[in-house]
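To start, the structure under review is shown below, and the notes come after it.
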Amino acid sequence: MKNHLQSALLFFKRFLLLLLIYQFCRLLFLFFNINAFNGLNLKIFLGGLHFDLSAIAYINLLFVVLHLIPGNFKYKANYQKGLKIAFFAVNLVFILTNFVDFEYYKFTGRRSSFGMITARGMENEIGGLILSFLSEFWYLPLIALLLAFSFWKTIPNIKLKFPEEKTTKAILAKQTGLFIFILGFVFLLGRGGFQKKPLKVVDAVSYGSISHSALVLNTPFCILKTIGKKETLESPKYFKEAELNSIFNPVVVNNPKEKQTKQNVVIIILESFGRENIQRGQTPFLDSLITKSLFFENGFANGKLSIDAVPSTLSSIPSLMSTSLITSSYSINEIYGLPKILKANGYNTAFFHGAFNGSQNFDQYCKIAGFDAYYGKNEYIGPEAFDGRWGIFDEEFFQFYCKKMSTFKQPFFTSIFSISSHNPYIIPEKYKGKFPKGTTKIQESIAYSDFALKQFFTTAKKQKWFDNTIFVITADHTSSEPTEEKFKTNVGKFRIPILIYNPSNPDFKGTSYKNFQQIDIMPSLIDLLNIKTKFITFGKSFQSDKDFVVYYLDNIYHCIQGDYYLAFDGKKTLALYNFKKDELMKTNLLLTEKNKAAKMERFIKAYIQSFNERIINNKLTVH
């Protein structure tokens, strides 16, 4: 029995070593993302311990069995050697997933899930990107190797000071009892305690503000909670149908008085062009275009990933799930977005993306959305312009795009998604040193993409279709490393430029201070084109009196109405701020403005219920 106790002690020593390593990984995560977290306190790190214990416990349930299963075979040298190697290998794999988020968090604003770790939708380009990331972030594999070496060297070994015991029934009963007790105890750690439901990702908000959730969490926990799972939504049933529709109804009937304009539509989605990059010297052309356009000063993305931006912008469907709609179990739902609406009104439609075909499942989504054609790297015709990693450089692909549009019969609707301002931020050799470096790694490539956009418009202005075209320009999401504090808040990290440029109407310009989001683009265009139709939109037209924005991050729903921002976890409101007066969001008004909080909570509940029920029941169209 004494040797069995030594084996139990060995397991807990190894468990404690893992706990220390997880704390080290949290400190590294904080070190690499220090600018993202303010107002740190002990409670955040105690919360981190809670989630670390859960992840370590789940991962090591098998090793409880292998360390404590009754029998003397456990003490054989080969068994112990194999057990040590297995313990090291399994835990090291999970530990190293934290290293992904040391840098990737800057782009996503959340800990990685199983789908993000496995790069679903990016199979073609992932090889080149991994090489690029290893080159750029060379210090991460170096730290990982040092950690792996230290981990192996510090794994405790069993110390058997007693002669092998004869396994009597009494000893076997004691060993079995201890085994069951410790297995149950570790399982309890895994579920997070005695509460009704096991610990969830969203529970991280209990240990700090919503902006601290990623620091409380660890990547292995987030992977375990999403591995092998498809996104499944449930209807929260906050309201009965009549009351639900009185609060928020996504069905819009557009019945314009004026004749349809039949103008062409071009939507340009710029990779990572966060609001913080505009009007600071990196984007001189876009800055000049803003003065000729209707520009939305309070423009917002509806997601943090490129894969979220396409459904939001083209189909008015926000990203309100942990998995993007494009890669979720609802990806084949019927959609009646801009491609189908405009096609029904005589438009030719096409989508352009200069990356590898299949990148982020955009080609698949375009088929479901109803585009006539998809043009990716495979369809590109022009000068050699492969960037060696990701796809075709923006300048050449934008020229290809312009030339191709000139072959389309009018009216047409097209959209292009740029790529050059995506990590690893490669620009052509001939332009090295031409553009300002800026203060962060992305800004030189932002300046290059702005130049490519200028070249596109220079060519487009010479085409017959130009004056009969409405241009919409938006970013897919914000940049990875904002330098100003106001862009680090849960409002600021979603701010993007959005503008509508109509060359045929020079008076269509100015600055709107209404809250405007990607999902507002579709209903706004339908209004501008005077199209008679009935459709589903989770946004609103720029001509509407409504003034809301909704997005989702870290299992929290974020709602903006007027000057106020509200965070809601699906059950209760967590915070309320006047983000226009309090840009850094330091004063939580939840207790002082209860009526405002209650009104906004009622709206976001109806919005969530309407979204979930329509996604679940495949009701994103109206017939």
Side-chain angles (χ1 to χ4, degrees), residues 1-25 51-100 114 117-118 140-191 218-225 227-228:
M1 188 63 189
K2 291 179 180 179
N3 283 339
H4 194 73
L5 291 174
Q6 285 293 315
S7 189
L9 182 62
L10 175 69
F11 173 77
F12 280 109
K13 284 181 178 178
R14 290 177 173 179
F15 193 99
L16 180 61
L17 174 62
L18 289 173
L19 196 59
L20 292 173
I21 291 173
Y22 273 60
Q23 305 322 300
F24 176 67
C25 288
F51 283 87
D52 293 346
L53 286 168
S54 177
I56 295 168
Y58 274 140
I59 294 165
N60 288 276
L61 277 172
L62 174 62
F63 293 106
V64 175
V65 176
L66 295 177
H67 280 81
L68 290 165
I69 189 169
N72 288 328
F73 65 91
K74 300 192 301 296
Y75 314 127
K76 303 296 183 184
N78 286 338
Y79 182 91
Q80 287 296 325
K81 184 178 179 180
L83 180 58
K84 181 178 179 180
I85 292 171
F87 177 85
F88 169 77
V90 170
N91 281 286
L92 183 64
V93 169
F94 280 99
I95 288 166
L96 293 183
T97 61
N98 285 298
F99 280 63
V100 174
F114 178 73
I117 288 286
T118 53
L140 292 182
L142 180 61
I143 297 172
L145 284 172
L146 291 172
L147 178 62
F149 178 78
S150 302
F151 179 30
W152 174 255
K153 286 295 185 182
T154 53
I155 295 177
N157 295 303
I158 195 165
K159 297 177 181 178
L160 301 175
K161 298 180 180 179
F162 311 101
E164 190 171 299
E165 300 166 323
K166 187 177 180 180
T167 309
T168 64
K169 288 184 178 180
I171 289 175
L172 187 62
K174 289 178 182 178
Q175 289 182 352
T176 303
L178 183 64
F179 166 60
I180 293 172
F181 174 77
I182 293 177
L183 184 65
F185 175 71
V186 173
F187 178 78
L188 186 65
L189 289 178
R191 79 182 304 279
N218 60 73
T219 307
F221 180 88
C222 295
I223 291 172
L224 289 169
K225 288 296 179 177
I227 192 168

Please determine whether side chain to side chain contact (heavy atoms under 4.5 Å, CB included) holds for the pair Ile85 and Trp152, giving the CA-CA distance in whole Å, both sets of side-chain angles, and the decisive distance to 0.1 Å. CA-CA 9 Å; Ile85 292 171; Trp152 174 255; 3.9 Å; yes

Hey, does Leu189 have a side-chain heavy atom less than 4.5 Å from the side chain of Ile56? no

Please check if atom CZ in Phe187 has more than 12 non-hydrogen atoms from other residues, nucleotides or ligands closer than 6.0 Å. no

Rounded distance (nearest 0.5 Å) linking atom CD1 of Ile95 with atom CG of Leu147: 6.0 Å

Using every non-hydrogen atom in the two residues, find where Phe99 and Cys25 come nearest and quote the distance to one decimal. CE1-SG, 4.3 Å

Got a donor-acceptor contact below 3.5 angstrom from the Tyr22 side chain to the Leu53 backbone? no

Between Gln80 and Asn157, does any side-chain donor sit less than 3.5 Å from a side-chain acceptor? no

Plane angle bin for Phe151 and Phe88 - parallel if under 30°, tilted between 30 and 60°, otherwise perpendicular: tilted

With a 4.5 Å limit on heavy-atom distance, are the side chains of Val100 and Thr219 in contact? no

Flag the pair Leu183 / Leu68 as yes when at least one side-chain heavy-atom distance between them is below 4.5 Å, and no otherwise. no

With rounding to the nearest 0.5 Å, note down the distance linking CD1 in Ile21 to CG in Leu16. 10.0 Å

Using a 4.5 Å cut-off on heavy atoms from C-beta on, say whether the side chain of Phe221 contacts that of Asp52. no

Output the distance between atom NZ (Lys225) and atom OH (Tyr58), rounded to the nearest 0.5 Å. 4.5 Å

Within this structure, what is the CG-CG distance for the pair Asn60 and Asn91, rounded to the nearest 0.5 Å? 4.0 Å

Interatomic spacing from CD1 in Ile59 to OG in Ser54 - rounded to 0.5 Å: 9.0 Å

Note: Ala57 and Gly190 closest approach over all heavy atoms is CB-N, 3.4 Å

Could you tell me the separation between the CD atom of Gln23 and the CG atom of Leu18, rounded to the nearest 0.5 Å? 11.0 Å

Minimum heavy-atom separation for Ile227 to Leu224, with atom names? CG2-O, 3.5 Å

If only atom types and distance count, is the side chain of Asn98 paired as donor or acceptor with the main-chain N or O of Asn218 below 3.5 Å? no

Nearest heavy atoms of Ile155 and Phe87, plus distance in Å: CD1-CD2, 4.2 Å

Any side-chain heavy atom of Phe12 within less than 4.5 Å of one from Ile182? yes

Measure across Leu10 and Pro156 and return the closest heavy-atom pair with its distance rounded to 0.1 Å. CD1-O, 3.3 Å

Work out which heavy atom in Leu66 is nearest to a heavy atom in Tyr79; give both atom names and the distance. O-OH, 2.6 Å

Geometric cation-pi criterion, Arg14 with Phe63: 6.0 Å, 45°: no

